[in-house]
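Data first, discussion second: the structure below is written as structure tokens.
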Protein chains: 2
Amino acid sequence: MRFDQPPPEPLASATGFLLSWNGQRMAHLFARALAPLGLRPPHFGLLTLIDAEPGRTQQELVASSMIDPSSMVANLDELEQLGLAERRQNPADRRKHAVHLTRRGASTLAKARKVAVGLAADALSPLDDAERETLRLLLRKLAGIED
Amino acid sequence: MRFDQPPPEPLASATGFLLSWNGQRMAHLFARALAPLGLRPPHFGLLTLIDAEPGRTQQELVASSMIDPSSMVANLDELEQLGLAERRQNPADRRKHAVHLTRRGASTLAKARKVAVGLAADALSPLDDAERETLRLLLRKLAGIED
DNA sequence: TATTGTTATACTCTATAACTATA
DNA sequence: TATAGTTATAGAGTATAACAATA
């Protein structure tokens with residue numbers, strides 16, 4: 001898909017289509033902005049979740065993320081290979097792995113956050129601050145988040 | 001990706017992430033709603049564009065859509081196999097194909113539109129009418145559409 | 001030599017389900 | 001018998017670039 005020009009009418013009149021278009025465009029831009037760090041968007045989400053509550057098991061991460069179990073394995077494998085996260089053994093139950101960030105993982109996450117903030121500022125530039133906040137609140141409500 | 005629960009904090013605080021999440025969720029739901037008609041989302045977009053201006057060449061459709069040339073061929077092949085669209089020869093330039101809907105294509109498009117309208121009503125149900133219109137206008141502005 | 005359309009191919013991403021180990 | 005994690009595999013979807021035909 002190409003996102004180099006505004007979407008064509010009459011599709012661009014429908015809210016559902018606009019939502020898909022803007023969302024997929026944002027995902028696309030984010031993937032590209034993250035690539036120089038060697039990360040893909042799910043990596044960023046996972047690093048963020050591990051950082052928010054270190055030591056969770058993979059299943060707990062599956063439950064609180066959008067990633068299914070087999071993709072979780074693959075993504076954590078990649079983060080380990082990059083030296084950004086590690087699985088630690090739980091002595092009480094050797095089936096369970098506690099997932100932590102490495103020091104390098106924490107610093108890479110900080111860099112990635114800067115990339116994300118910069119991209120958002122750029123991609124949302126057609127809107128002023130008040131409009132951005134209105135959009136954010138509408139999207140939270142739409143996503144089913146209670147405030 | 002799973003979209004069966006609201007996205008996790010702290011990701012769900014960022015407008016960019018919310019945009020991706022809602023957009024991909026909508027695309028996902030739309031793909032599923034369209035499947036019983038034997039269509040995928042690009043088919044719907046293409047049928048809509050052909051209907052809006054019948055007789056365009058494939059290149060013109062490429063230029064005014066988000067679909068790249070080789071995917072355009074594949075998508076039109078599929079629409080022809082389904083009996084929904086047809087390539088007509090241009091006598092003046094035999095390289096160019098004029099793309100039209102068949103009668104069946106027009107009626108399938110009408111059905112698909114109903115599906116799309118129903119899905120949008122459903123997926124946007126957390127918002128009231130005024131909020132939906134605000135969202136629509138913000139998304140148009142964000143997409144770079146001048147009003 | 002440029003344009004229109006097509007084909008072939010390779011790649012990313014993900015989902016499904018089967019499998020291993022521990023409990 | 002149930003749970004945590006893993007592996008293997010197949011499938012959808014898309015992008016890249018080479019190719020054929022017509023102009």
Side-chain angles (χ1 to χ4, degrees), chain A residues 1-4 20-21 23-25 27-32 34-35 38-46 50 55-81 85-100, chain B residues 1-4 20-21 23-25 27-32 34-35 38-46 50 55-81 85-100:
Chain A
M1 290 283 190
R2 294 154 39 225
F3 294 98
D4 48 318
S20 295
W21 189 88
Q24 297 192 264
R25 173 165 184 272
H28 201 75
L29 292 174
F30 188 47
R32 219 173 51 187
L34 227 42
L39 300 178
R40 286 179 294 106
H43 296 146
F44 178 78
L46 210 37
I50 298 168
R56 277 190 280 198
T57 65
Q58 297 185 197
Q59 285 225 345
E60 286 167 345
L61 288 170
V62 165
S64 67
S65 74
M66 318 151 53
I67 302 175
D68 64 285
S70 75
S71 302
M72 182 60 74
V73 172
N75 278 289
L76 286 176
D77 284 351
E78 287 157 5
L79 290 181
E80 277 201 324
Q81 278 161 27
E86 58 185 9
R87 294 165 164 108
R88 295 188 196 155
Q89 269 208 1
N90 179 339
D93 184 340
R94 290 197 322 214
R95 291 173 307 181
K96 296 185 180 178
H97 300 165
V99 181
H100 291 264
Chain B
M1 291 283 190
R2 295 152 40 224
F3 294 98
D4 48 318
S20 296
W21 189 87
Q24 297 191 265
R25 175 166 182 270
H28 202 75
L29 292 174
F30 188 48
R32 220 172 52 186
L34 227 42
L39 301 178
R40 286 179 294 105
H43 296 145
F44 177 78
L46 209 39
I50 298 168
R56 277 191 278 198
T57 65
Q58 298 186 196
Q59 285 227 342
E60 286 166 345
L61 287 171
V62 164
S64 67
S65 73
M66 314 150 58
I67 302 175
D68 63 284
S70 76
S71 301
M72 181 62 72
V73 172
N75 278 290
L76 286 175
D77 284 352
E78 287 157 5
L79 290 181
E80 279 201 324
Q81 278 161 28
E86 58 185 9
R87 294 166 164 107
R88 294 187 196 156
Q89 271 210 359
N90 179 340
D93 184 341
R94 291 196 320 209
R95 292 173 307 181
K96 297 184 181 179
H97 299 163
V99 181
H100 291 263

Rounded to the nearest 0.5 Å, what separates atom [atom1] in [X] from atom [atom2] in [Y]?
X       : Y       : atom1 : atom2 : value
B:Gln59 : B:Arg95 : CD    : CZ    : 9.0 Å
B:Ser65 : B:Gln58 : OG    : CD    : 11.0 Å
A:Ile67 : A:Leu46 : CD1   : CG    : 5.0 Å
A:Asp68 : B:Met1  : CG    : CE    : 9.0 Å

Could you state the atom-to-atom distance from [atom1] of [X] to [atom2] of [N] in whole Å?
X       : N      : atom1 : atom2 : value
A:Leu76 : D:dT6  : CG    : P     : 8 Å
B:Asp93 : C:dA2  : CG    : P     : 17 Å
B:Gln58 : C:dT7  : CD    : C1'   : 13 Å
B:Arg56 : C:dT4  : CZ    : P     : 15 Å
A:His28 : D:dT14 : NE2   : P     : 12 Å
B:Met72 : D:dA15 : CE    : C1'   : 15 Å
A:Asn75 : C:dT14 : CG    : P     : 8 Å
B:Ile67 : D:dT14 : CD1   : P     : 8 Å

Quiz item: Heavy atoms under 4.0 Å, any strand shown: does B:Met1 hit a base, just sugar-phosphate, or nothing?
Solution: sugar-phosphate

Exercise. Under 4.0 Å between any heavy atoms, over every strand shown, what does A:Arg2 touch: base, sugar-phosphate, or nothing? Just pick one.
Key: nothing

Might you list the N or O atoms of the protein lying below 3.5 Å from N or O atoms in nucleotides 9-13 of chain D, with each pair's distance?
residue	atom	partner	partner atom	Å
D:dG13	OP2	B:Arg40	NE	3.2

Quiz item: Do A:Leu76 and A:Ile50 come close enough that some side-chain heavy atom pair is under 4.5 Å?
Solution: yes

Quiz item: Within a strict 4.5 Å, meaning less than it, do heavy atoms of the A:Glu78 and A:Asn75 side chains meet?
Solution: yes

Quiz item: Quick one: does B:Arg88's side chain have a donor or acceptor within less than 3.5 Å of a partner on B:His97's backbone?
Solution: no

Quiz item: Sub-3.5 Å donor-acceptor pair from the side chain of B:Arg40 to the main-chain atoms of B:Leu34, do we have one?
Solution: no

Would you tabulate the nitrogen or oxygen pairs shorter than 3.5 Å linking the protein to nucleotides 1-3 of chain D?
residue	atom	partner	partner atom	Å
D:dT3	O2	A:Arg95	NH1	2.6

Practice problem: Could I get the full list of salt bridge (Lys or Arg N to Asp or Glu O under 4.0 Å) partners for A:Arg25, not counting sequence neighbours? | Solution: none

Quiz item: Taking the inter-plane angle between the rings of B:Phe44 and B:Phe30 on a 0 to 90° scale, is it parallel (under 30°), tilted (30 to 60°) or perpendicular (over 60°)?
Solution: perpendicular

Quiz prompt | Listed partners of B:Gln24 passing side chain to side chain donor-acceptor pair (under 3.5 Å), at least two apart | solution = none

Self-check item: All side chain to side chain donor-acceptor pair (under 3.5 Å) counterparts of A:Glu80, not counting sequence neighbours
Solution: A:Arg87

Distances under 3.5 Å between protein N/O atoms and the N/O atoms of nucleotides 16-18 of chain C, please, pair by pair.
residue	atom	partner	partner atom	Å
C:dT16	O4	A:Ser70	OG	2.8

Exercise. Examine D:dT6: is either OP1 or OP2 under 4.0 Å from a nitrogen or oxygen in the side chain of A:Arg87? Give yes or no.
Key: yes

Quiz prompt | Position toward the 5' end of DNA chain C (nearest nucleotide), A:Ala74 or A:Arg94 | solution = A:Ala74

